[in-house]
2 protein chains.
Amino acid sequence: MDNRSKILETAARLFSRQGFSGVSLQTIAEDVGITKPSLLYHFPSKETLREQVLSELFGHWATRIPNLLRAVTTGEGQFEALMDELTAFFREDPDRARILIREILDRPEAMRASIAASLGPIVTLVADSMRKGQRSGLLRENVDPEAYVLNAIGSAMAWVVAASVVEPIVTGGGKSALSRLERELRRAAHSSLFSDPEAGVERRPSSGRARPNAER
Amino acid sequence: MDNRSKILETAARLFSRQGFSGVSLQTIAEDVGITKPSLLYHFPSKETLREQVLSELFGHWATRIPNLLRAVTTGEGQFEALMDELTAFFREDPDRARILIREILDRPEAMRASIAASLGPIVTLVADSMRKGQRSGLLRENVDPEAYVLNAIGSAMAWVVAASVVEPIVTGGGKSALSRLERELRRAAHSSLFSDPEAGVERRPSSGRARPNAER
DNA sequence: CCTACCGATCGGTAGG
DNA sequence: CCTACCGATCGGTAGG
């Protein structure tokens with residue numbers, strides 16, 4: 001892998017764990033195995049490095065959009081497909097959630113724009129699809145679609161970060177906090193959305209989960 | 001107010017917005033109106049200041065525990081009372097959520113212990129009370145009580161932070177993102193918990209909310 | 001991609 | 001609670 005990519009990867013990892021201002025260019029350079037001026041040859045300032053790390057992250061997110069669109073329009077198992085995409089995105093790299101949360105905390109005004117651009121269209125699309133489901137009686141009529149979707153995304157981000165820290169409280173039966181919180185997260189998201197508790201889960205083998213009523 | 005308290009207040013505000021490593025002692029001292037060595041007279045190191053800010057926060061949380069216990073044992077309107085306490089805690093000072101999240105991100109191992117101590121007993125208590133409700137048929141039997149409570153707390157923290165950044169997506173009908181996300185958060189939490197959609201909401205005037213089916 | 005170096009700022013101390 | 005000061009480290013540049 002070329003040094004530029006190594007720098008981006010290392011910076012993302014360190015930023016997610018110690019925060020942008022908690023990591024020095026020196027530390028990143030050492031970790032990559034080059035000197036600080038060499039790092040500054042690839043990224044002319046620390047601020048540029050931050051922007052590139054963030055734009056890589058949004059790039060990975062953009063990669064998922066086709067899957068999301070397919071899930072929205074499929075008609076069957078929509079819910080499971082969307083939740084699979086959402087949880088997979090953060091589970092396959094929890095640092096994504098950490099970086100996003102840190103950026104929201106550090107620069108809320110800047111993130112408002114990025115979030116509106118990257119999330120707004122999909123939220124609107126999913127919300128419109130949900131309104132159809134409400135008219136057909138499949139979904140509870142008192143759901144606020146946009147707020148529901150944003151809360152789901154927020155919960156998914158909280159999930160990944162919380163799991164690293166609540167292990168002593170929630171661990172039992174040999175299951176990790178991560179998987180126990182995820183199961184409950186998905187159960188609650190489903191249960192609070194559908195009118196009929198059995199609806200929306202037919203088809204789709206899904207990631208090892210059965211109908212929400214099974215086991216436990 | 002004495003300078004010590006002013007320092008704690010200022011540090012909490014700045015830490016929440018820029019992070020611990022993003023704020024210098026100089027900046028805090030200037031904001032309070034004293035010099036840096038004077039600040040270091042009250043708090044012998046920056047690390048000490050961090051600990052004191054955090055311990056103040058946990059102190060405020062401890063203040064609520066009697067209310068929480070009363071809510072758990074009251075038997076009627078338990079759900080609304082607990083949700084009122086939870087949302088009020090973060091709404092009356094959103095910086096609390098920001099500081100807690102930052103600490104979890106910055107020092108997960110240290111926070112694991114603090115969280116187990118401050119949250120563990122209450123989570124267990126509420127979870128036990130929920131298991132009773134499950135046996136009586138009031139609550140859905142497929143809920144994972146501990147995970148439910150922790151997800152609710154995580155969602156509440158995500159709520160406050162997300163609201164500052166999703167305004168353009170979720171605003172409509174003159175309602176702020178904060179209140180629209182809160183309403184949906186509470187609706188979903190209720191709906192995913194109770195077997196009967198109307199249960200658990202009798203009594204209690206509550207904070208301006210009606211039964212979940214009303215309006216909208 | 002490196003050596004050598006810059007001014008500014010960091011957390012913290014001495015001494016009063 | 002302040003003045004004066006410390007060594008270390010910060011992001012960044014010159015020049016090759």
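Per chain, numbering begins at 1; letters A, B, ... match sequence-line order.
- Of all the residues in residues 14-27 of chain B, not one reaches under 4.0 Å from DNA chain D with any non-hydrogen atom.
- Residues satisfying the salt bridge (charged side-chain N to carboxylate O under 4.0 Å, His left out) test with B:D95, not counting sequence neighbours, are B:R17, B:R98.
- Here B:F20 pairs with B:F15 under the ring pair (Phe, Tyr, Trp, His ring centres under 6.0 Å) rule; sequence neighbours left out.
- Summarising the geometry of A:S118 relative to A:I122, their closest heavy-atom pair is O-CD1, 3.9 Å, with the distance given to 0.1 Å.
- The stretch residues 37-53 of chain B touches DNA chain D through B:P37, B:S38, B:Y41, B:H42, each having a heavy atom under 4.0 angstrom from the strand.
- Screening residues 60-71 of chain B for salt bridge (charged side-chain N to carboxylate O under 4.0 Å, His left out) gives B:R64-B:E85, B:R64-B:E92 as the qualifying pairs, with residues at least two apart or on separate chains.
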Dot-bracket encoding per residue of DNA chain C, Watson-Crick/G-U cut-off under 3.5 Å, | denoting interstrand:
||||||||||||||||

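- Atom CG of A:L40 and atom CD1 of A:I34 lie 9.0 Å apart (nearest 0.5 Å).
- Counting only residues at least two apart or in different chains, ring pair (Phe, Tyr, Trp, His ring centres under 6.0 Å) contacts with residues 98-124 of chain A are absent.
- Taking the ring pair (Phe, Tyr, Trp, His ring centres under 6.0 Å) definition, one finds that A:F90 meets it with nothing, sequence neighbours left out.
- Along DNA chain C, the stretch of nucleotides lying under 4.0 Å from any heavy atom of chain A spans, 5' to 3', C:dC1 to C:dA4.
- For residues 24-42 of chain A, every residue pair satisfying the salt bridge (charged side-chain N to carboxylate O under 4.0 Å, His left out) rule, not counting sequence neighbours, is listed here: A:R13-A:D31.
- For the salt bridge (charged side-chain N to carboxylate O under 4.0 Å, His left out) test, residues two or more places apart in sequence or in another chain that qualify with A:D106 are A:R50, B:R102.
- Sorted by first then second residue, the ring pair (Phe, Tyr, Trp, His ring centres under 6.0 Å) pairs that include residues 50-72 of chain B, not counting sequence neighbours, are B:W61-B:F89.
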